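Notes for the one structure printed next.
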Number of protein chains: 2
Amino acid sequence: MLVVAGTVLAEEGADASMRDIARRAGMGLATLLRHFPTRDALLEALLRTSFDELTARADALGDTGSPRDGLLLWLREFVAFTTEHYGVVTSTVKAIEEPGSALHDSCVALHAAGAQLLARAQAAGEAPVDVDGADLFALVSAFAWLGDQTRQEQRAERLFGLVTSAILSR
Amino acid sequence: MLVVAGTVLAEEGADASMRDIARRAGMGLATLLRHFPTRDALLEALLRTSFDELTARADALGDTGSPRDGLLLWLREFVAFTTEHYGVVTSTVKAIEEPGSALHDSCVALHAAGAQLLARAQAAGEAPVDVDGADLFALVSAFAWLGDQTRQEQRAERLFGLVTSAILSR
DNA sequence: ACCTGAACACCGTTCAAGT
DNA sequence: ACCTGAACACCGTTCAAGT
């Protein structure tokens, strides 16, 4: 069932019709909505695994290697992940500001994981101190949004690389 | 009538209900849709004046002063304008890639105006040559989107300033 | 010519009725 | 307990009928 939902979301984007998802999962709309009362709840169930992996990845990168390279690599993976899931970035950014959202906790965890990598790089003098974790999350989200727009994927990747390296090496 | 539409769009955002707009304008939905067959057509009618002003502003800034400062100032005004009109940035980015859209011509004109300012700064050695007009439009759009997200307005402004100055002074 | 109510096919929310 | 058809209030599209 979650598999079907994942397929539909991948095909139609994060704003696919809940009715359509239920239909293709072979259940009534009301049943789907009883399991996942809101779209965010469904997204959370679908993204939880990837979120946890990204958080663990941040921890791993924080234990070894260059702080600067670790941060850059993680940011790149974060953008790639978000771009893979068309349309979710708006939900994640909104969820950060909405404690009631089903996605809130996961997004805060991701935020914290990124902030820790940033703090390590800052402590090593390899990242500027005038940006914080929230800035990082916002920057990554903005480029993830750009990558979601038609024909902007490669441009978003290139510009993100250009911007991060420009900011880091001031 | 356009005034009412502008009010509703300002209140509800660019994805306000066309039915609601017609209702508040005191006309039938079908009548509104006959004048503006698509949402983009309505947006175009509402934004045309501002678009023309921004284009003229680019021309004016291109005739005088420092190329670099002119470019930066125009970019700032562009972001401010887009942020003022909640939700339009997605439409403008989409319109650039869709020649059939009612917004296409206006967006291409804006794109060209920005590209000209960039070219002047590049010719003066005051802007990097590894970004082009499309990159500029994409960057500005990404930060305009960020500014549209709840509680991210000031962050978007600050980050945009930080990013542009970091890129320009590499 | 210009307008528009109404039918249509969609959407998410809610709940009474079914197992 | 768990499910779901159906009613509800919305949406944009389309068109026959009204001035």
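Quick caveat: nothing in here was measured; it's all calculated off a predicted structure. Every chain is numbered from 1 and lettered A, B, ... according to where its sequence line falls, protein lines coming before strand lines.
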Regarding the side chain of Arg19(B), the nearest nucleotide among dT13(D), dT14(C), dC11(C) is dT13(D)
Return yes if the base of dG12(C) and the side-chain atoms of Arg39(A) contain a donor-acceptor N/O pair under 3.5 Å, otherwise no. no
Considering just the side-chain nitrogens and oxygens of Arg23(A), establish if one lies under 4.0 Å of OP1 or OP2 belonging to dC11(C). yes
Expressed in angstrom and rounded to an integer, what is the separation of Met18(B) atom CE from dT13(D) atom P? 7 Å
Starting at CG of Leu42(B) and ending at C1' of dG12(D), how long is that distance when rounded to a whole Å? 14 Å
Take atom CG of Asp20(A) and atom C1' of dA9(C), then tell me their distance rounded to the nearest Å. 14 Å
Both distances below 3.5 Å, Watson-Crick or wobble geometry, any strand: find the nucleotide opposite dG5(D). dC15(C)
Rounded to whole Å, CD1 of Ile21(A) lies from P of dT13(C) at a distance of 12 Å
Name the closest nucleotide to the Ala30(B) side chain, picking from dT4(D), dT14(D), dT13(C). dT14(D)
Check the pair Leu43(B), Phe36(B) against side chain to side chain contact (heavy atoms under 4.5 Å, CB included), reporting the backbone distance first and the verdict last. CA-CA 9 Å; Leu43(B) 286 180; Phe36(B) 308 103; over 6 Å; no
Apply salt bridge (charged side-chain N to carboxylate O under 4.0 Å, His left out) to the pair Glu53(B) and Arg57(B), showing each step before the final yes or no. CA-CA 6 Å; Glu53(B) 281 171 11; Arg57(B) 181 82 172 122; over 6 Å; no
Under 3.5 Å, is there a donor on one side chain and an acceptor on the other for Gln149(A) and Glu97(B)? no
Proximity to the side chain of Leu33(A) - top-ranked nucleotide from dT14(C), dG12(D), dT4(C): dT14(C)
Begin with the C-alpha distance, continue with both residues' side-chain angles, and end with the deciding distance and a verdict on side chain to side chain contact (heavy atoms under 4.5 Å, CB included) for Gln152(A) and Ile96(B). CA-CA 11 Å; Gln152(A) 305 296 324; Ile96(B) 284 271; 5.7 Å; no
Using the P atom as the reference point in each nucleotide, state the distance between dA1(C) and dT14(D) in Å, no decimals. 23 Å
Protein-nucleotide distance (Leu32(B), atom CG; dT4(C), atom P), rounded to Å: 11 Å
Would you mind classifying the nucleic acid contact of Ser17(B) as base, sugar-phosphate or nothing, using non-hydrogen atoms under 4.0 angstrom? sugar-phosphate
Under a 3.5 Å limit on both distances, the Watson-Crick or wobble mate of dC10(C) is none
Shared ILVMFWY cluster between Leu103(A) and Tyr86(A), side chains joined below 4.5 angstrom? no
How long is the line joining NE2 of His35(A) and P of dT13(C), in whole Å? 16 Å
Rounding to a whole Å, what distance do you find between Leu29(B):CG and dC8(C):P? 17 Å
Could you tell me how far apart Leu43(B) (CG) and dG12(D) (P) are, to the nearest whole angstrom? 12 Å
